[in-house]
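Taking it in order: structure first as structure tokens, then the write-up.
On a predicted model such as this, the values are computed, not experimentally measured, just so you know.
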Amino acid sequence: MAGDFNILVTAASRRVAMIRGFKRAMSALGVSGQIQVTDSDRLSPGLRFADKFHIVPLSTSRDYIPTILDICRKEGIGMVVPTIDEELPAFGRRKKDFSDAGVIPLVCDEKVGRICTDKYNTSLFFSENGFPFAHTILPDQLDYSKVSYPLFIKPRMGRGSIGAHQVRNETELRFFVNYVKDPVVQNYLSGEEFTVDVLAGLDGRILSIVPRERIVIRSGVSDRGRTRNNSAIINLCKEICEKLKICGPVNMQCKSDNGNITFFEINPRFSGAIQLTVAAGADFFQMIIREALGERPEPAIGQFKDNFLMMSYEESLFEANGFKKISEQKAEPVLPGPSSTKP
């Protein structure tokens, strides 16, 4: 396979595994091109691992999508990969603008983004379609005299477990209902916790599904985990994603308590620990690049190494004159070691 193909990954931040994953996939497929990234913060470590980076406004800015479109046109981008929840509905709403510019937007339609990024809307979708989901209500629907504890409270629109709290009694519930901005209240779920990585092709065909048990979680991301070839979870996720009509990557979160599977979140983007799924043999990056280049890879659902363990650790980068103004360019990371500075 050959040809130039540039990919733009937004909000690079700590998504080093994703950037590296796309680079390895391009190399393995024999595809030439660049992995470019964007971020609003010049100190983002992800910038240092891309072929080229661009500093852009925050995703909440009205100039954000126009800026991304302008970069795509100038840099000859073939596919743009949004990575954070806040930007997904906006990208979904502007899919045609990207397509008209010759760019494949790896994102679900706006309707899907609005269902998934709003946890109350997610619960309504699951309920309306008969799929198992944690009982979810808004604060004004609470009847304190009938509440059973423990509960779980978190922002209606949020990510990375920010603002999420277990609630054990009425005192805590009344406090966190006012403390957490625009919250939802859910039943607390017991059992083994899973993130399920799902990849759909650009036409909506489900290509791969990999359940991962979350052994240790840090800041909402699996720090230690292992793959689990659980057919019940795989089949249920396939049915849900087909009903939702997803496009590209989705990660679903659920708990399994003695075989009873209950979901509590779904995110239409790559997960924070996608590297485990790829290392286990389900290379989402290769599959989606092949799709973008006009191939039609066969579904490989359930085809991955089972009980494959991941243990993550921190690693730091160093730069001399760390706060000097850097331009939009390729930035070379400096890894720890005896000579870990630049002249």
Phe270 and Phe22 aromatic ring geometry - parallel, tilted or perpendicular at 30°/60° bounds: perpendicular

OG1-CG distance between Thr227 and Leu309, expressed to the nearest 0.5 angstrom: 9.0 Å

Salt bridge (Lys or Arg N to Asp or Glu O under 4.0 Å): pairs with one or both residues in residues 222-232, sequence neighbours excluded: Glu192-Arg228, Glu213-Arg226, Glu213-Arg228, Arg218-Asp223

Closest non-hydrogen atom pair, Leu106 against Ile288: CD1-CG1, 3.5 Å

Side-chain ion pair, Lys74 and Asp70, N-O less than 4.0 Å: yes

Electrostatic pair Glu239-Lys243, nearest N-O below 4.0 angstrom: no

Close aromatic pair by centroid cut-off 6.0 Å: Phe98 and Phe91: yes

Remaining members of the apolar cluster that contains Phe176, side-chain heavy atoms under 4.5 Å: Ile137, Leu142, Tyr144, Val147, Tyr149, Leu151, Ile153, Val167, Leu173, Phe175, Val177, Tyr179, Val180, Val185

Which atom of Ile289 lies closest to which atom of Ala25, heavy atoms considered: CD1-CB, 3.8 Å

Working for side chain to side chain contact (heavy atoms under 4.5 Å, CB included), residues Tyr64 and Thr60: CA-CA 7 Å; Tyr64 180 67; Thr60 52; over 6 Å; no

Ionic contact status for Asp203 with Arg296, cut-off 4.0 Å: yes

Output a table of donor-acceptor pairs, distance under 3.5 Å, between side-chain atoms of residues 244-257 and any protein atom two or more places apart or on a different chain; print 'none' if there are none.
unit_1: Asn251; atom_1: OD1; unit_2: Asn267; atom_2: ND2; d: 3.0
unit_1: Asn251; atom_1: ND2; unit_2: Arg269; atom_2: O; d: 3.2
unit_1: Lys255; atom_1: NZ; unit_2: Leu189; atom_2: O; d: 2.9

Connected via hydrophobic side-chain network under 4.5 Å: Phe263 and Tyr188: no

Short side-chain to backbone donor-acceptor contact, Asn6 and Gln34, under 3.5 Å: yes

Check: Phe49 main-chain N/O paired with Lys23 side-chain donor or acceptor under 3.5 Å: yes

Nearest atoms (heavy-atom pairs only) where Ala282 meets Met287: C-CE, 4.2 Å

Side-chain donor or acceptor of Thr122 paired with backbone N/O of Ile115 under 3.5 Å: yes

Same cluster (ILVMFWY, side-chain, under 4.5 Å), Phe284 and Phe308: no

Tyr120-Gln141 side chain donor-acceptor pair, cut-off 3.5 Å: yes

N/O donor-acceptor pair under 3.5 Å between Asn229 side chain and Asp306 backbone: no

Check: Phe125 main-chain N/O paired with Asn129 side-chain donor or acceptor under 3.5 Å: yes

Nearest-0.5 Å distance that lies between atom CG in Asn230 and atom CG in Asn235: 9.0 Å

Enclosure of Asn307 CG (heavy-atom neighbours >12, cutoff 6.0 Å): yes

Test item: Leu8 and His54 side chains (from C-beta on) under 4.5 Å apart, heavy atoms: yes

Ser271 side chain to Asp197 side chain, donor-acceptor N/O pair below 3.5 angstrom: yes

Phe131 and Phe126 aromatic ring geometry - parallel, tilted or perpendicular at 30°/60° bounds: perpendicular

Verify same cluster id: Ile215, Phe194 (apolar side-chain graph, 4.5 Å): no

Check: Thr136 side chain, Ala134 main-chain N or O, donor-acceptor pair, under 3.5 Å: yes

Passing candidate, side-chain contact (heavy atoms from CB on, under 4.5 Å) with Val198, options Ser208, Cys241, Pro211: Cys241

Thr10 side chain vs Thr38 backbone, donor-acceptor pair below 3.5 Å: no

